[in-house]
Amino acid sequence: MDGSRKRHGDTTNQFLSAGLVIRQKEPKNLEAPFDQIVSYLTPSQLFYIRSHFPIPALDRASYQLRIDGAVRQPFALSYDELRSMPSESRVATLECAGNSRVFLVPQVQGAQWELGAVSNAEWTGVPLRALLERAGLAEDACEIVLEGADRGIPKEEPMPPGPISYAWSVPRAKAVQPEVLIAYQMNGRDLPQDHGFPVRAIVPGHYGMASVKWLTSIHAVREPFRGYWNTSDYAYWAWMDGKPVRSALGEMQIKSEIARPRVYETLAPNQIYRVCGAAWAGETDVTQIAVSTDGGRTWTAAEFLDPVRRHAWRRWRFDWLTPKEPGQYTLLARATDADGVIQPDAHDQNYGTYVINHLLPIEVFVGDPGGPQP
Ligand SMILES: Nc1nc2c(c(=O)[nH]1)N[C@H]1C(S)=C(S)[C@@H](COP(=O)(O)O)O[C@H]1N2
Ligand SMILES: [Mo]
């Protein structure tokens with residue numbers, strides 16, 4: 001690659017030299033290099049990895065997926081049987097609910113994710129609803145509990161006394177939507193082990209915790225499931241009649257992130273710098289994106305690179321004529337969804353250490369890169 005032909009701020013081909021960032025070595029928690037990702041689909045090797053427990057080794061030949069609980073005909077499927085069913089492919093962005101946690105002040109417990117606990121891929125599999133139809137889902141089933149093969153001791157209080165599995169309950173209304181997949185491929189190839197091989201759930205539009213990896217059980221329930229992950233860990237305070245009620249996280253909230261420039265990058269004065277990033281929303285579409293280069297005083301519309309596609313991110317860009325005046329500048333990106341909901345200015349405390357979708361300041365220097373910082 002000819003480095004001299006690269007324009008300042010141009011990200012073309014840069015992902016070739018990129019890798020993941022370790023946030024925790026074991027269990028594996030690695031962040032995508034958000035500033036390096038230029039493609040619409042995140043290459044599978046650069047897709048973030050979020051795992052609570054050691055990665056289970058499952059074998060295709062002995063794999064079984066059980067569908068039972070509040071159904072008329074419980075059954076089990078082998079890997080080959082699942083693969084022989086009619087399949088669909090869908091693009092979906094996964095974001096960990098703790099993404100951007102490092103931006104919270106004061107600092108909080110948990111993996112210190114920066115901007116890269118979010119990625120976008122194409123997933124192929126069988127719609128969950130086809131399996132639920134085959135099993136004869138009971139009229140009064142209200143949630144579908146998805147369980148993985150991984151086990152261990154969880155970290156968030158209150159904690160059960162021994163090892164548990166990873167399990168997440170999805171409301172029936174979402175579980176029967178056509179986009180929810182029991183997936184066995186990612187970006188056109190069999191799922192990598194880190195991402196749930198041989199089979200995982202993909203719940204587009206919801207935070208990543210719903211997309212259960214190493215899926216072995218689909219269990220319909222008649223009462224709201226109060227399991228550890230839905231209550232202790234990935235939960236927040238919803239308010240009902242003035243009282244806080246512990247509720248499970250669900251849809252991703254509208255968010256945008258700046259990929260370039262990076263925090264504390266030095267940019268040349270009086271030149272066009274291509275600011276770029278991505279924006280996404282849960283169960284709606286991102287329709288507007290604006291950028292501020294003066295800490296939020298003024299905003300200018302940026303340009304989308306990708307069309308609207310429900311549940312997938314849209315990359316965007318903005319050509320900034322950097323100031324002649326050297327100094328420190330604060331960049332912000334602000335997305336708006338189809339319902340007019342705008343990214344908030346501040347983190348909502350009801351979400352604790354999750355749902356960090358407020359405007360994230362990216363501070364940069366304008367000046368001579370070799371010179372003293374202004
Ligand atoms: N079985 C299992 N599924 C899981 C997890 C897990 O630890 N175990 N982590 C969840 C969380 S919190 C996220 S954000 C996504 C991340 O998916 P990825 O590792 O493929 O990016 O997987 C979800 N599914
Ligand atoms: Mo997550």
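Order of listing sets the numbers, starting from 1, for every ligand and every atom in it.
- A salt bridge is absent between Glu122 and Arg90: the closest approach of a Lys/Arg side-chain nitrogen to an acidic carboxylate oxygen does not fall below 4.0 angstrom.
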Write none if no such pair exists; otherwise list each N/O atom of ligand 1 with its protein N/O partner under 3.5 Å and the distance.
from     : atom 1 : to     : atom 2 : distance (Å)
ligand 1 : 1 (N)  : Asp150 : OD1    : 2.8
ligand 1 : 1 (N)  : Asp150 : OD2    : 3.3
ligand 1 : 1 (N)  : Lys213 : O      : 3.0
ligand 1 : 3 (N)  : Lys213 : N      : 2.9
ligand 1 : 7 (O)  : His52  : N      : 2.9
ligand 1 : 7 (O)  : His52  : ND1    : 2.8
ligand 1 : 8 (N)  : Asp150 : OD2    : 2.6
ligand 1 : 9 (N)  : Arg50  : O      : 3.3
ligand 1 : 17 (O) : Arg200 : NH2    : 3.2
ligand 1 : 19 (O) : Arg50  : N      : 3.0
ligand 1 : 19 (O) : Lys213 : NZ     : 2.5
ligand 1 : 20 (O) : His195 : ND1    : 2.7
ligand 1 : 20 (O) : Arg200 : NH1    : 2.7
ligand 1 : 21 (O) : Tyr48  : O      : 2.6
ligand 1 : 24 (N) : Ser211 : O      : 3.0

Would you be so kind as to tabulate the donor-acceptor pairs closer than 3.5 Å made by side chains of residues 161-170, with sequence neighbours excluded?
from   : atom 1 : to     : atom 2 : distance (Å)
Ser165 : OG     : Glu147 : OE2    : 2.7
Tyr166 : OH     : Met209 : O      : 2.7
Ser169 : OG     : Glu143 : OE1    : 2.5

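- For residues 176-195, every residue pair satisfying the salt bridge (Lys or Arg N to Asp or Glu O under 4.0 Å) rule, not counting sequence neighbours, is listed here: Lys28-Asp194, Arg60-Asp190, Arg83-Asp190, Lys174-Glu179.
- Distance alone, capped at 3.5 Å, is enough to place a donor-acceptor pair between the Arg172 side chain and the Ala141 backbone.
- Sequence neighbours left out, the pairs with a member in residues 108-118 that pass salt bridge (Lys or Arg N to Asp or Glu O under 4.0 Å) are Arg23-Glu114.
- Phe365 and Tyr264 have their aromatic ring centers within a separation under 6.0 angstrom.
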